[in-house]
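Below you'll find the structure, written out as structure tokens, and then a few comments.
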Amino acid sequence: MKFILSLILSLSLFSSLAQDVKKNERVLYILDSIPIIHDPDKSAGTLTNDDIDHLEVITNQDKIKALGYNTVDKIIFVTTKEFAKRPNEIRAIPGTLSMAHKDGRWYLKKTEKPYSGKFIDYFLNGKIEGEGTLKDGLVNGTRTLYYQNGNKDYFRNYIDGVANGYSEEYFQNGNLKQKGSFKDGKDDGLWVDYYSTGVIKRQTNFVNFVPDMTKDEKKFYDLQQKAEELMKDEDFKGAIKKLNEAEKLNDKYSDIYFDRGTAKLNALDFDNAILDFNKAIELEPLYMEAYGNRAFTRIRKYEFKGSRTLSSSSEVTILAAKDKVDIPDEEKIKICGDLNKSVELGGNTDMVLDALKNYCSSPIPPTQ
């Protein structure tokens, strides 16, 4: 069994915990009674010192073995404030982290019969991440997920593990993002997508599980799909041309501007890329990816400023980016605002976090 030697919680918390960890020491973290066997992914949220109620460190080998662990040198129990105030009857409800997933069904560990009953999953900080009911190891009834701020992410209804019935999805601010129904796991009937402002983004009626679209709607989405294929082939000029055609059919669709901005970014047309990301964010103020790409467009603009040409043809020009660049303070404010907004909306990728570390010293609100 592999035990992690470090739990990625936050830089400050990791530093405080790691001070007493010796090199090659085998450490097991148990968070709110759940052993952390593998590094948690980013969807598990974050845990900071302020989230912790108390820590308990056990180094006595007899006590460690009595707990059933024979291959570790130290156990660090981490108890969150949320867990500490959780009633015992709620603590007794298992989460999927305490289960095994076998042959498509959920089992409590060390049991042979699929689990039936309520389950609750939690973020690293102890706040509820999702809940539902299993019957013979399959989701039955309503499955609900939440954002780390406590707002509902989405709910969906299931019959024997397959989506059936009405479903809604929400933005982090609590506004409705999408609504519609499933039948045997497929979109059925009218589905409506919204911007976080409440404006309708798209309406699609599925007849026999196939979208019923007008001629112009079909042409619009075909152009968008073709542009995505061209971008995968790195034909950015071709993608931009297709998206220009799509804009003429529907100039109120945020994804068109995000895709075109991304194509222009890759084509090193930085100023026009920023204009497209501005438009995407104007239509959808919670467009996580647009904030991130707008920040990187500004960064790349200065990285490639005055760059030397490595090769050039009628189709593509390859430039050499500078290793170190100076970015004016007013531009850094815009970059850091966008990076922080991207993280706030869930875009905490390594690339974004590295850029924050390199260019930003404190959270700054996003600007145009």
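Fair warning: this is a prediction, and the values are worked out from it, not measured in the lab.
To the nearest 0.5 angstrom, Thr46 atom OG1 is 9.5 Å from Phe123 atom CZ. For the atom pair CG of Leu283 and OH of Tyr257, the computed distance is 6.5 Å after rounding to the nearest 0.5 Å. A distance of 8.5 Å separates CZ of Phe83 from OH of Tyr122, quoted to the nearest 0.5 Å. Atoms CD1 and CZ, on Ile274 and Arg294 in that order, are 8.5 Å from each other to the nearest 0.5 Å. Note that CG of Leu31 is 11.5 Å distant from CZ of Phe77, once rounded to the nearest 0.5 Å. In this structure, CD1 in Ile93 is found 11.5 Å from CG in Asn88, a value given to the nearest 0.5 Å.
No donor-acceptor distance shorter than 3.5 angstrom exists from the side chain of Lys127 to the backbone of Tyr147, with no hydrogens or angles considered. For Asp233 (side chain) and Leu230 (main-chain N/O), no donor-acceptor pair under 3.5 Å exists by modelled atom type. Asn157 places no side-chain N or O within 3.5 Å of a backbone atom of Asn164 that could act as its donor or acceptor partner. Asn208 places no side-chain N or O within 3.5 Å of a backbone atom of Val210 that could act as its donor or acceptor partner. Asn293 places no side-chain N or O within donor-acceptor distance of the main-chain N or O of Phe258, the cut-off being under 3.5 Å. With hydrogens and angles disregarded, a donor-acceptor distance shorter than 3.5 Å links the side chain of Tyr291 to the backbone of Pro285. A donor-acceptor contact shorter than 3.5 Å is absent between the side chain of Asp121 and the backbone of Gly130. Between the side chain of Ser167 and the backbone N or O of Phe155, at least one donor-acceptor pair lies under 3.5 Å.
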Practice problem: Might you work through the salt bridge (charged side-chain N to carboxylate O under 4.0 Å, His left out) test for Lys232 and Glu229, ending with a clear yes or no? | Solution: CA-CA 5 Å; Lys232 289 179 181 178; Glu229 293 171 357; over 6 Å; no
Exercise. Output, in order, the C-alpha distance, side-chain angles, deciding distance and verdict of side-chain contact (heavy atoms from CB on, under 4.5 Å) for Leu134 and Val139.
Key: CA-CA 4 Å; Leu134 295 171; Val139 180; 3.7 Å; yes
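Counting heavy atoms from C-beta outward, Glu129 and Leu145 have side chains that approach closer than 4.5 Å. In this structure the side chain of Asn151 never reaches within 4.5 angstrom of the side chain of Tyr170, judged on heavy atoms. Looking only at side-chain heavy atoms (C-beta outward), Arg105 and Asp136 come within less than 4.5 Å of each other. Inter-residue side-chain proximity for Ile299 and Tyr359 is flagged as met; some heavy-atom pair is nearer than 4.5 Å. Ile256 places none of its side-chain heavy atoms less than 4.5 Å from the side chain of Lys279. Counting heavy atoms from C-beta outward, Asn140 and Thr133 have side chains that stay 4.5 Å or more apart. Considering only heavy atoms from C-beta on, Phe119 stays 4.5 Å or farther from Trp106 through its side chain. Here the side chains of Glu169 and Tyr194 are not in contact, with every heavy-atom distance at 4.5 Å or above.
Every salt bridge (Lys or Arg N to Asp or Glu O under 4.0 Å) that Lys118 has, sequence neighbours left out, goes to Glu131.
A ring-centre distance under 6.0 Å is found for Tyr253 and Phe220.
Enclosure of atom NZ in Lys219 is not indicated, since only 12 or fewer non-hydrogen atoms of other residues, nucleotides or ligands lie within 6.0 angstrom. Other residues, nucleotides and ligands place more than 12 heavy atoms under 6.0 Å from the CG atom of Asn358. Applying the 6.0 Å contact sphere to CD of Glu89 captures more than 12 heavy atoms from other residues, nucleotides or ligands. For Lys183, the NZ atom sits in a loose shell: 12 or fewer heavy atoms of surrounding residues, nucleotides or ligands are nearer than 6.0 Å. Heavy-atom neighbours of Lys135 NZ from other residues, nucleotides or ligands within 6.0 Å: at or below the threshold of 12.
Annotation: side chain to side chain donor-acceptor pair (under 3.5 Å) contacts involving residues 263-274, sequence neighbours excluded, comprise Lys264-Asp276, Asp269-Asn272, Asp271-Lys301.
The shortest heavy-atom contact between Lys242 and Ala227 is CB-CB, 4.0 Å. When all heavy atoms of Asn125 and Leu47 are compared, the pair lying nearest together is CA-CD1, 3.7 Å. Across every non-hydrogen atom of Tyr302 and Pro328, the tightest pair is CE2-CD, 3.4 Å. Looking at every heavy atom in both residues, Leu124 comes nearest to Thr80 through O-CG2, 3.6 Å. For the residue pair Gln172 and Asn149, the shortest heavy atom distance occurs at O-ND2, 3.1 Å. The heavy-atom pair separating Asp216 from Leu249 by the smallest distance is O-CD1, 4.0 Å.
Results of the side-chain contact (heavy atoms from CB on, under 4.5 Å) test with Val352 over Asp350, Thr349, Asp354 single out Thr349 as the only residue that passes. The only member of Phe209, Tyr166, Phe182 that meets ring-ring contact (aromatic ring centres under 6.0 Å, His included) when paired with Trp191 is Phe182. None of Gln178, Gln203, Lys179 except one satisfies the side-chain hydrogen bond (donor to acceptor under 3.5 Å, both in side chains) rule with Asp193; the exception is Gln178.
Neither Ile281 nor Tyr195 shares a network with the other; the hydrophobic side chains, linked directly or stepwise wherever heavy atoms of I, L, V, M, F, W or Y lie under 4.5 Å apart, form separate groups for each. Each of Ile34 and Tyr29 belongs to its own hydrophobic cluster when Ile, Leu, Val, Met, Phe, Trp and Tyr are linked at side-chain heavy-atom distances under 4.5 angstrom. Residue Leu176 is not grouped with residue Tyr154 when hydrophobic side chains (ILVMFWY) are merged at heavy-atom distances under 4.5 angstrom, including chains of intermediate members. Transitive grouping of hydrophobic side chains (ILVMFWY, heavy atoms separated by less than 4.5 Å) brings Val27 and Leu55 into a common cluster. Tracing side-chain contacts under 4.5 Å through hydrophobic residues (I, L, V, M, F, W, Y), one reaches Met351 starting from Ile335; they form part of the same cluster.
Between the side chains of Asp259 and Thr262, no donor-acceptor pair is found at a separation under 3.5 Å. Side-chain contact of Asp255 with Tyr287: a donor-acceptor pair under 3.5 Å is present, judged by distance alone. Judged purely by distance below 3.5 Å, without hydrogens or angles, the side chains of Thr79 and Asp53 never pair a donor atom with an acceptor atom.
Salt bridge annotation for Glu303-Arg300: present, with a cationic side-chain nitrogen under 4.0 angstrom from a carboxylate oxygen. The pair Glu331-Lys334 counts as a salt bridge, with a side-chain nitrogen and a carboxylate oxygen less than 4.0 angstrom apart. Comment: Arg260 engages Glu247 in a salt bridge, judged by a side-chain N to carboxylate O separation of less than 4.0 angstrom.
Annotation: cation-pi pair Lys177/Phe171 present, NZ/CZ under 6.0 Å from the ring centroid and within 45° of its normal. For Arg202 and Tyr221, the positive end sits near the middle of the six-membered ring, less than 6.0 Å away and at most 45° from its axis.
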